[in-house]
Trainee: 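Would you mind keeping the following structure in view while I ask a few things?
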Amino acid sequence: MRDRFGRQINYLRISVTDKCNLRCVYCMPVEGLPWIPKEELLTDDEIVAVVGAFARLGVERLRITGGEPTVRPGLVDLVRRLRAIPGIWDVALSTNGVLLPSMAEDLKRAGINRVNISLDTLREDRFERIARRPVRFYRQILEGIAVAEAVGFDPLKINVVVMRGINDDEIPDLAEITRERAWHVRFIEVMPVGANLDLAEAFISSDEMLERVRSLGETEPVPGPIGNGPARYYRFPGAPGTLGVITPLTHNYCMRCNRVRLLADGQVRTCLFGTHQVDLRAAVRTGEPIEPLILQALAEKPERHYLQPGSDVGSGGLRALSEVGG
Ligand code: SAM
Ligand code: SF4
């Protein structure tokens, strides 16, 4: 599948739920969001049917995301079914890690190859301020990371949304970890959406993040671990892990975009931001062919996003990334 700008699209991110067990300050409002009504959520059968259509059109890799994907009942079975779809050879998971202690092994067996885990702080005393949930969840996340390593998820990527005055002073500690562990720590610029405009002052550019990393010692650019994403990676010489930056605001990478998104209610979104989406749910429920709708969506995939710091205009009025899977 190619779009009108010649970009090859072979990667589908699937948001399997809009719900979450955390309330990260940069993502979801503390009171939650109006959840998608149950009857509007795609069932497992419907997701499998839609992904089958994507696979027939050339999608080979999936990422399961949300909201928090592990809170969807029956996720392990769904993963097993997705992995069995002809043409799909890579299924990754983005998670906050809270439920990994009990689920990691089953997810691995079901066919998840790789996980990205969000960890915005190494300091237990900061967790409640950032995730707005009790600290016992933090302990579960740390255990979840340990279990993920133990069951052999490789590479293990750790996502850190960096916010000035909240966790930016931990850039050195998070970077230093990569000298000891084979973690791929990715520092992410805060993307402005409706629910986090109060964080405008907390924005830090990736250039500033990298400057702070470089003050710790020499780094070299490296290709980075297997994945599909837009991160640029560096490494301290000889370190087992790497450091990445994800730069949606300061260094646009849309020309390398290889992805589309399926939302939990069956909308296909060809860009994380903006308002363009095409409904697949009605077609999958009436048994109409889905491929023409996917191709229609792709034909309208925008060239790039127009995010603006401190404004949700460029995000098309999106309230939270949890609505579209990040
Ligand atoms: N709940 C899972 C998690 O936290 O990893 C998956 C969904 S979450 C929306 C996917 C990724 O988006 C996470 O790494 C999260 O930190 C990131 N994210 C959420 N809101 C963001 C924002 N406004 N700016 C930058 N990254 C954001
Ligand atoms: Fe939940 Fe992930 Fe959003 Fe945090 S970033 S509130 S864990 S969906």
Side-chain angles (χ1 to χ4, degrees), residues 13-33 35 63-72 75 92-100 103 107 112 114-121 127-133 137-138 140-141 144-145 148 153 156-164 166-167 174 184-200 202-206 209 227 229-231 244-250 259 261 263-264 269 272-273 305 307-312 314-316 318-326:
R13 294 178 68 101
I14 308 170
S15 172
V16 295
T17 179
D18 56 333
K19 299 202 183 65
C20 188
N21 42 7
L22 302 184
R23 292 287 183 273
C24 302
V25 63
Y26 49 79
C27 183
M28 216 188 259
V30 75
E31 66 279 10
L33 289 164
W35 309 124
R63 175 168 295 278
I64 313 295
T65 175
E68 173 48 42
T70 57
V71 304
R72 180 180 170 112
L75 181 71
L93 176 76
S94 285
T95 174
N96 60 31
V98 170
L99 295 177
L100 278 185
M103 293 180 72
L107 287 166
I112 296 284
R114 303 179 286 117
V115 291
N116 291 8
I117 303 176
S118 296
L119 184 74
D120 299 312
T121 181
F127 178 75
E128 286 192 27
R129 173 164 184 217
I130 296 175
R132 298 183 291 189
R133 283 292 181 263
F137 285 95
Y138 185 71
Q140 283 177 234
I141 294 169
I145 293 175
F153 285 121
L156 184 69
K157 296 181 188 166
I158 303 290
N159 286 345
V160 184
V161 177
V162 183
M163 295 163 283
R164 193 182 303 283
I166 298 178
N167 64 351
L174 285 156
H184 302 280
V185 174
R186 294 122 50 89
F187 295 119
I188 306 176
E189 291 177 348
V190 182
M191 301 178 223
V193 286
N196 73 12
L197 296 179
D198 52 331
L199 284 178
F203 178 81
I204 296 197
S205 71
S206 60
M209 298 176 202
V245 282
I246 301 183
T247 63
L249 277 293
T250 59
R259 59 197 56 196
R261 291 174 165 79
L263 308 196
R269 268 206 175 216
L272 177 53
F273 299 110
H305 70 72
L307 275 187
Q308 296 166 23
S311 158
D312 64 346
S315 65
L318 192 67
R319 280 164 302 179
L321 256 53
S322 60
E323 295 179 304
V324 290

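In listed order, ligands and their atoms are each counted from 1. Starting from 1, each residue takes its place in the sequence as its number.
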Trainee: Using 0.5 Å steps for rounding, measure from the CZ atom of Arg72 to the CD1 atom of Ile64.
Mentor: 9.5 Å

Trainee: Counting only N and O atoms by type, is there a donor-acceptor contact under 3.5 Å from the side chain of Glu68 to the main-chain atoms of Asn96?
Mentor: yes

Trainee: Please report the interatomic distance CD1(Ile130) to CG(Leu22), rounded to the nearest 0.5 Å.
Mentor: 11.0 Å

Trainee: Among Arg164, Glu189, Met163, exactly one meets side chain to side chain contact (heavy atoms under 4.5 Å, CB included) together with Ile204. Which residue is that?
Mentor: Arg164

Trainee: If only atom types and distance count, is the side chain of Arg186 paired as donor or acceptor with the main-chain N or O of Lys157 below 3.5 Å?
Mentor: no

Trainee: Name the one of Ile117, Val16, Leu107 that satisfies side chain to side chain contact (heavy atoms under 4.5 Å, CB included) with Leu93?
Mentor: Leu107

Trainee: What are the two closest non-hydrogen atoms of Val25 and Arg132, and how far apart are they?
Mentor: CA-NH2, 3.4 Å

Trainee: Check the side chains of Arg63 and Ser94 for a donor-acceptor pair under 3.5 angstrom, ignoring hydrogens and angles.
Mentor: yes

Trainee: Identify the protein atoms, limited to N or O, that lie within less than 3.5 Å of an N or O atom of ligand 1, and list each pair with its distance to 0.1 Å.
Mentor:
unit_1, atom_1, unit_2, atom_2, d
ligand 1, 1 (N), Gly67, O, 3.0
ligand 1, 1 (N), Glu68, OE1, 3.0
ligand 1, 4 (O), Ser118, OG, 3.1
ligand 1, 5 (O), Thr95, O, 3.4
ligand 1, 5 (O), Ser118, OG, 2.7
ligand 1, 14 (O), Ser118, OG, 3.1
ligand 1, 14 (O), Asn159, ND2, 3.1
ligand 1, 16 (O), Tyr26, OH, 3.2
ligand 1, 23 (N), Tyr26, O, 3.0
ligand 1, 23 (N), Met191, O, 2.9
ligand 1, 23 (N), Asn196, ND2, 3.2
ligand 1, 24 (N), Met191, N, 2.8

Trainee: Tell me, which protein N/O/S atoms are under 2.8 Å away from atom 3 (Fe) of ligand 2?
Mentor: Cys27 SG

Trainee: Which heavy atom in Tyr26 sits nearest to a heavy atom in Asn196, and how many Å separate them?
Mentor: O-ND2, 2.9 Å

